[in-house]
Number of protein chains: 2
Amino acid sequence: MSAVSDRDEDAQDILIRRLQAIDNLTAQDRHLISSLRFDVVDIPPRTDFVREGDRQTKCCLLMDGVVIRSNFTRSGERQIQSVHIPGDVPDLQSLHLRRMDHYIGSVSQCRVAFVAHDQMLRVLRDSPHLTAILWRETLIDAALYRAIIVRNARLGSTERLAHFICEMWCRFDAVGLTDRNGFAFPMTQEMVGQVLGLSIVSVNRSMQILRSDRLVVWDRGRIDILDWTQLAEIAQFDPTFLHLNE
Amino acid sequence: MSAVSDRDEDAQDILIRRLQAIDNLTAQDRHLISSLRFDVVDIPPRTDFVREGDRQTKCCLLMDGVVIRSNFTRSGERQIQSVHIPGDVPDLQSLHLRRMDHYIGSVSQCRVAFVAHDQMLRVLRDSPHLTAILWRETLIDAALYRAIIVRNARLGSTERLAHFICEMWCRFDAVGLTDRNGFAFPMTQEMVGQVLGLSIVSVNRSMQILRSDRLVVWDRGRIDILDWTQLAEIAQFDPTFLHLNE
DNA sequence: CGACCCTTTGAAAGGAATCAACTTATGTGG
DNA sequence: CCACATAAGTTGATTCCTTTCAAAGGGTCG
């Protein structure tokens with residue numbers, strides 16, 4: 001068995017596990033997914049691999065690493081719109097919205113599996129059930145955006161940071177990427193500022209508050225949560241918005 | 001012909017016109033839509049008719065008026081996540097995300113047409129094409145949320161307000177609800193503040209800047225745009241994010 | 001060791017929120 | 001038709017939070 005098809009199977013497994021978490025897949029669904037050809041690519045850190053204005057002909061399944069979706073103002077400031085972790089398909093929307101209105105780029109070293117739109121659309125044509133699941137996937141993304149609008153507009157800097165950490169914990173945990181109380185987290189404070197609409201200085205000071213309150217430790221690419229209850233309390237964090245295990 | 005079926009036809013027309021703007025409908029698509037039974041309801045101003053936590057069994061098509069989607073913080077502050085105008089289906093997502101994570105309420109007097117999920121799902125089962133169009137509809141919503149995340153995080157108060165006015169103009173214009181340079185707009189300054197994450201005082205002062213620069217007039221429920229070019233310039237407004245006429 | 005990247009710190013400036021009137025419209029009932 | 005109530009818009013003064021600017025500290029890797 002060639003290395004390529006090994007990786008194909010890896011990608012299929014990841015996708016199946018992800019979709020399975022939303023709804024049970026039928027044998028036919030699985031069969032359809034295993035007919036997909038993936039093109040697995042390693043991407044170095046800090047690299048935009050999808051650009052604003054691009055017309056996409058394929059989607060990417062994130063197998064390993066963290067990627068961000070971002071946009072820039074005229075003056076060159078970056079706003080990160082979403083953070084994606086393994087199992088996510090950050091540009092699933094490009095199936096029906098070909099023209100990209102944002103960038104997608106790696107934070108850490110990433111492994112990404114590309115599937116041609118044609119193949120995805122063929123599979124979806126044959127399975128209304130898979131269509132519903134993937135549609136739902138994009139709706140959950142949208143629910144996340146809505147939650148971010150509220151978070152960034154209504155919470156103070158420390159609450160905002162706490163909320164982001166809660167969100168990251170839940171999502172990493174849902175795909176089995178946590179151990180004990182923590183998880184590997186490759187973003188810098190500056191990047192988190194670009195997620196939350198805060199300056200790096202504010203992120204730093206808010207983090208110091210959470211740290212001195214013994215709620216969270218964030219050190220050398222790793223976040224550990226010391227007191228989930230109180231962290232979620234400060235963040236006004238309601239995990240249901242993630243629509244994880246309905 | 002009874003009043004009810006008159007209104008049914010009105011609702012069908014609005015929905016067909018809206019979907020037609022996204023992609024040409026086949027005769028079969030139209031036929032399917034005309035098989036939908038709508039329940040047309042008049043809703044008084046300032047009334048939430050969908051609540052957080054509700055489990056929806058129907059979607060609503062907005063026929064007339066303005067509705068908002070909003071959420072509250074623990075301390076009771078409201079954040080408006082989106083503003084909807086006639087032709088929109090604000091809770092289309094509830095087809096696949098039954099549990100509402102936000103409120104939907106009227107701003108002005110509204111007319112809303114409810115369709116049972118069952119009926120929508122039956123239609124979608126019979127038409128992959130309509131499925132794709134409605135999916136795309138929800139993806140455009142998501143693109144709007146992303147744009148709002150950037151706007152609210154990166155633009156100053158006056159730019160933000162200008163951006164919002166540009167967005168509203170484009171959307172009202174796309175459904176034929178503008179005349180000359182303006183459109184009827186029933187929100188208060190306080191509500192606009194809840195959209196933009198600004199206090200009412202900031203909205204007021206930003207509006208005064210736009211007014212004294214002779215870019216916009218907003219008076220007694222009506223917005224008129226005096227200088228679109230410069231307004232869009234200030235707002236850093238790029239209409240492509242609305243994915244209106246691709 | 002030194003270069004680089006990231007984090008941390010302090011001080012000052014700025015923008016928006018808040019607070020507290022006051023004004024202007026709109027609408028109601030006597 | 002006017003007195004009054006109510007909702008929305010406007011204004012000024014003050015406070016507070018976050019940004020900005022500038023520089024120092026710390027870890028990592030060649």
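No experiment lies behind these values; they were computed from the predicted model shown. Every heavy atom of this structure was used, including side-chain atoms; hydrogens, water molecules and symmetry mates were not.
If you measure from atom CH2 of B:Trp218 to atom P of D:dG9, you get 6 Å, rounded to the nearest angstrom. Taking atom CZ on A:Arg46 and atom P on C:dC5, their separation rounds to 9 Å, with Å as the unit. Between the CG atom of B:Asp219 and the C1' atom of C:dA25 there is a distance of 10 Å, rounded to whole Å.
The salt bridge (charged side-chain N to carboxylate O under 4.0 Å, His left out) contacts involving residues 175-187 of chain A comprise A:Asp179-A:Arg222, where partners must be two or more places apart or lie in separate chains. Legend: salt bridge (charged side-chain N to carboxylate O under 4.0 Å, His left out) pairs involving residues 161-174 of chain A, not counting sequence neighbours, sorted by first then second residue: A:Asp88-A:Arg171, A:Arg151-A:Glu167, A:Glu167-A:Arg171. Contacts classified as ring-ring contact (aromatic ring centres under 6.0 Å, His included) and involving residues 63-87 of chain A (residues at least two apart or in different chains) are given here: A:Phe72-A:Tyr103.
For the pair A:Val216/A:Met207, a side-chain contact is recorded, criterion being any heavy-atom separation below 4.5 Å from C-beta on. Within the 4.5 Å cutoff, the side chain of B:Leu210 has no heavy atoms near those of the B:Trp218 side chain. Contact check for B:Met187 versus B:Ile68: side-chain heavy atoms found under the 4.5 Å cut-off. The shortest distance between side-chain heavy atoms of B:Leu242 and B:Ile140 does not fall below 4.5 Å.
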### Residue pair A:Glu77, A:Ser75: steps toward the side chain to side chain donor-acceptor pair (under 3.5 Å) verdict
CA-CA 6 Å; A:Glu77 295 168 284; A:Ser75 56; 3.2 Å; yes
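Nearest heavy-atom pair, B:Ala235 versus B:Leu155, reported as atom, atom and distance to 0.1 Å: O-CD1, 3.6 Å.
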### Message
How would you summarise protein contacts on nucleotides 24-30 of chain D per nucleotide, using B for base, S for sugar-phosphate only and - for none, with heavy-atom distances below 4.0 Å?
### Response
---SS--
### Task
Using a 4.0 Å cut-off on protein heavy atoms (strictly under), produce a 5'-to-3' string for nucleotides 11-21 of chain D with B for base contact, S for backbone-only sugar-phosphate contact, and - for none.
BBB----SBBB
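Scanning residues 177-195 of chain A for heavy-atom distances under 4.0 Å to DNA chain D yields an empty list.
Under the 6.0 Å cut-off for aromatic ring centres, A:Phe183 and A:Phe172 qualify, their centroids lying closer than that.
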